[in-house]
Novice: 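What follows is a structure written as structure tokens; I'll ask about it next.
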Protein chains: 4
Amino acid sequence: MLENTIKDIQNLSKKGLETRAKILNAAEKVFGEKGYYEASVVNITQEAEVGQGTFYNYFESKKHVYDELIQQYSRELRITIKEEMKKAITHEEAQRYGFKAFFNWVKDHPALYSIVQQAVVVDQELYRWYYNKLASGFLKSLSQGVQEGEFRETHLETVAYCLMSIGQFLGMRWVFWEGQDVPDEVFDAAMTLVFKGIKKH
Amino acid sequence: MLENTIKDIQNLSKKGLETRAKILNAAEKVFGEKGYYEASVVNITQEAEVGQGTFYNYFESKKHVYDELIQQYSRELRITIKEEMKKAITHEEAQRYGFKAFFNWVKDHPALYSIVQQAVVVDQELYRWYYNKLASGFLKSLSQGVQEGEFRETHLETVAYCLMSIGQFLGMRWVFWEGQDVPDEVFDAAMTLVFKGIKKH
Amino acid sequence: MLENTIKDIQNLSKKGLETRAKILNAAEKVFGEKGYYEASVVNITQEAEVGQGTFYNYFESKKHVYDELIQQYSRELRITIKEEMKKAITHEEAQRYGFKAFFNWVKDHPALYSIVQQAVVVDQELYRWYYNKLASGFLKSLSQGVQEGEFRETHLETVAYCLMSIGQFLGMRWVFWEGQDVPDEVFDAAMTLVFKGIKKH
Amino acid sequence: MLENTIKDIQNLSKKGLETRAKILNAAEKVFGEKGYYEASVVNITQEAEVGQGTFYNYFESKKHVYDELIQQYSRELRITIKEEMKKAITHEEAQRYGFKAFFNWVKDHPALYSIVQQAVVVDQELYRWYYNKLASGFLKSLSQGVQEGEFRETHLETVAYCLMSIGQFLGMRWVFWEGQDVPDEVFDAAMTLVFKGIKKH
DNA sequence: AATGAATGAGAGTTCATTCAT
DNA sequence: TATGAATGAACTCTCATTCAT
């Protein structure tokens, strides 16, 4: 009743949902390729093969699509990583699986990876939110490892940030820039560094 | 005689150099506060207290000032870190001094720190150039440490990227976001992590 | 669907075509009055009573409208002249009709006449193209006159240029400058000059 | 006393006159190459190898140099033609010499030729003045020819404009566009056309 | 639900001209 | 007499957004 111009994902018809999804996918592609500021709404609607006006039936502004992409991405990424980590037995293994999952994600969604990076210019607050959220995932897993005696006691938030940063940069350097998997020797070198640093013995 | 429209840093009068510096400083401030895309040339010239046209006497475009800021920043930062590292005796100490120097730098130049981050959107190539340059600094120092038997043998480029990334994220999290020094417990936790990871014993 | 930003004269709605025409007419008027360089796009959109941005929905740039005006003008003029010449019996008569048609055209479209002249500064190539096109019309008619024995043999391209230039200058001097018809005595004097010059006896 | 900022060609030192001439020559070249509107004052001062400010010591504005060039050109051209025509015996010969002189002039001063053409956009009034002046030269010579019985009676102003226009276009077509002399067959064809048209028998 | 024509605020940039030195 | 640094008005063009259909 309050919102008669759509935008509310609820009461959308099936067709409406499809159109919305087309736009969102187009936005992902276009933002990924051109960057938020170089990308225009027209670019997006053309990519989506819908009219210019249609965009505003589903999103309040260019910024709103961007926000939605990041939030969606963030959620999916964290779920994926968590799922993957569950398969492990030790916490070390879990961390390894987590890294692997992240690298695969970047390889499969380079556009979204880029979009997140762009938040540093587009919306600092969102950027901080994203990394804090990601770090808190690491933190949880780490503190379990400590409780169970697998990792030594230390300032865990710091370590969480360290691990996250390593994942971030290796993903950037080898996966995003080169468009390949992280090479085994790189992965191993990084893991050895990390686990020598945090394991109890 | 001959050259009236400037842009060449050489043969600039004293007054010209001052004006140029005013604009560069203003650009640093404005880009830092508003981000590259939200910042307009007018914002910069107003901050610099010069006329709009004056900007174009000294820089070919908005992008050119930006590039200059990054390159200048990059050079100064690397020199500062190197100077600081020289004061150390062991390589571990050198690395610690390096990190400290970097954190101080971020604290003193938050705007420039932000500007570099923005390159991820503004100019990917510049962004890669910056990090590769920075990483190669770490690499050099590390391989010396290995040669002299202080650090263990490993895939050094990876480790360089890991160290750089840790510095980057801790600097972001504690210095840039909070505007304070990296707390001692954080610094120690990170250094312990790192050196347990790379030292020989 | 698909094409939102226009510029293609095809698939334009009726309203779109109207707007485009309004802009084109306004441009003709404004270029005619102020000249290409003194005329601004704002001048044109104000004359057309549309928003500034609307201009760029229909033309890529100020130069593009200009080109279109010239080409349209050139085509229409040549068709008009040809139509008029067809009504004649002898080739002398045909030439006379052609000149008359040209002078009438200038009287009816002084702005367009001026716009063509401006090409000498705005776009030399276009200027040459226009006059070569016009001269080739004269040439065709002349060589027929020669073949049929009405005109004497001579270097026809030269004569074509001479006739064209006479039309051009009389049109400028009496029609464009004074805003009147070419006076009879002027017309007769010029025609006599010309036909004494080219007729066989 | 009235004018203390120079600009008055009178009380100029020898050096001043030289500087003024340098600027005028540079302006001729630059206007000729780029056209009045595309040419900037900086272009001119750089070509003249003087400072930007120096320009305004000798000319009130960009437009003033332009005016001066045209007037100077017009005067010199008319003198040159007149001198040349004096060498002839018959009036027909005089006209031929006049045309020749004009074509040579265009060949030697293509930049000035172009500058005059540009007046059609830059300053209509100047443009009309120039052509009226030129036509009146033809007129004088023609009416003498009539008085002395060499040319037939006719509407002389018209014929003057016709002759002038022919010279103008042949000069443009063969000399200015092609950068060569008017070919003999073209020259002869044009002269034959003209003199069959105006001579008594 | 879908469209695309219309818009105007605001961007980056140019350049004729001024003026202190 | 010569200079070039400084200026701001004015330009062309872009684009997120609105709205009538």
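Lettering follows sequence order; numbering is per chain, from 1.
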Novice: Counting runs of three or more consecutive pairs, Watson-Crick or G-U wobble, with each distance below 3.5 Å, where are the stems of DNA chain F?
Specialist: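 The stems are E:2-21 with F:2-21.
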
Novice: What is the separation between atom CG on B:L17 and atom P on F:dA5, rounded to the nearest whole Å?
Specialist: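 B:L17 atom CG is separated from F:dA5 atom P by 10 Å.
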
Novice: Judged by each residue's nearest nucleotide on DNA chain F, which is more toward the 5′ side, B:G51 or C:S40?
Specialist: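 Of the two residues, B:G51 wins.
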
Novice: B:Y37 OH to F:dC15 P: how many Å, rounded?
Specialist: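 Computing the B:Y37:OH to F:dC15:P distance gives 11 Å.
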
Novice: Does A:G16 reach a base, just sugar-phosphate, or nothing at all? Heavy atoms under 4.0 Å.
Specialist: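 Here A:G16 touches no strand at all.
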
Novice: Choose from F:dA6, E:dA6, F:dA2 the nucleotide whose nearest atom is closest to any side-chain atom of B:K15.
Specialist: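 Closest nucleotide to the B:K15 side chain: F:dA6.
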
Novice: Between D:Q118 and D:F31 (side chain of the first, backbone of the second, donor and acceptor by atom type, cut-off under 3.5 Å), is there such a pair?
Specialist: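 Such a contact is found between D:Q118 side chain and D:F31 backbone.
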
Novice: Starting at CD of C:Q52 and ending at C1' of E:dA5, how long is that distance when rounded to a whole Å?
Specialist: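 Whole-Å distance recorded here is 17 Å.
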
Novice: Using heavy-atom distances to pick each residue's nearest nucleotide on DNA chain E, tell me which of B:A39 and C:F55 is more 5'.
Specialist: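 Checking each residue's closest nucleotide, the 5'-ward one belongs to C:F55.
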
Novice: For B:Y36, does the six-membered ring have the charged nitrogen or CZ of B:K62 within the cation-pi criterion, i.e. under 6.0 angstrom from the centroid and within 45° of the normal?
Specialist: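 Satisfied, under 6.0 Å and within 45°.
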
Novice: Consider only side-chain N and O atoms of B:T54 and B:N57, and report whether a donor and an acceptor are under 3.5 Å apart.
Specialist: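 Checked: B:T54/B:N57 side chains show no N/O donor-acceptor pair below 3.5 Å.
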
Novice: What class does the angle between the rings of B:Y127 and B:Y131 fall in, given that below 30° is parallel, 30 to 60° is tilted and above 60° is perpendicular?
Specialist: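 Correct class here is perpendicular.
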
Novice: Checking side-chain contact (heavy atoms from CB on, under 4.5 Å) for the pair A:D123/A:W129: CA distance, chi angles, key distance, verdict?
Specialist: CA-CA 10 Å; A:D123 185 340; A:W129 171 86; over 6 Å; no

Novice: Nearest to the side chain of D:T54, which nucleotide is it out of E:dA1, F:dT3, E:dT3?
Specialist: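 Of E:dA1, F:dT3, E:dT3, F:dT3 is nearest to the side chain of D:T54.
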
Novice: More 5' along DNA chain F: C:E60 or B:E49, using each one's nearest nucleotide?
Specialist: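 Its nearest nucleotide lies further toward 5', so the answer is B:E49.
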
Novice: For A:Y58 and E:dA2, give me the distance from atom OH to atom P, rounded to whole Å.
Specialist: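 So the two atoms are 4 Å apart, to the nearest Å.
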
Novice: From E:dT3, F:dT17, E:dG12, pick the nucleotide closest to the side chain of A:V41?
Specialist: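 The answer is F:dT17, which lies nearest to the side chain.
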
Novice: F:dA6 base to B:N57 side chain: any donor-acceptor pair below 3.5 Å?
Specialist: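 Check passes, donor-acceptor contact within cut-off.
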
Novice: Do the side chain of A:D67 and the main chain of A:H64 share a donor and acceptor less than 3.5 angstrom apart?
Specialist: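 No.
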
Novice: To the nearest Å, how far apart are B:E38 CD and E:dG12 C1'?
Specialist: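 In whole Å, E:dG12 C1' and B:E38 CD are 15 Å from each other.
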
Novice: In whole angstrom, give the distance that lies between atom CD1 of D:I23 and atom C1' of F:dT1.
Specialist: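 From D:I23 CD1 to F:dT1 C1': 11 Å.
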
Novice: Could you state the OH-P distance from B:Y36 to E:dG12, rounded to the nearest angstrom?
Specialist: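 Interatomic distance, OH of B:Y36 to P of E:dG12: 8 Å.
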
Novice: Which nucleotide sits closest to the side chain of B:Y56: E:dG12, F:dT7, E:dT3?
Specialist: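 Closest nucleotide among those given: E:dG12.
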
Novice: Judged by modelled atom types alone, do D:Y37 and C:E38 share a side-chain donor-acceptor pair under 3.5 Å?
Specialist: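 A pair is found: one side chain offers a donor N or O, the other an acceptor, under 3.5 Å apart.
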
Novice: Provide, to the nearest angstrom, the distance between the NZ atom belonging to A:K63 and the C1' atom belonging to F:dC15.
Specialist: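 Taking NZ of A:K63 and C1' of F:dC15, I get 18 Å after rounding.
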
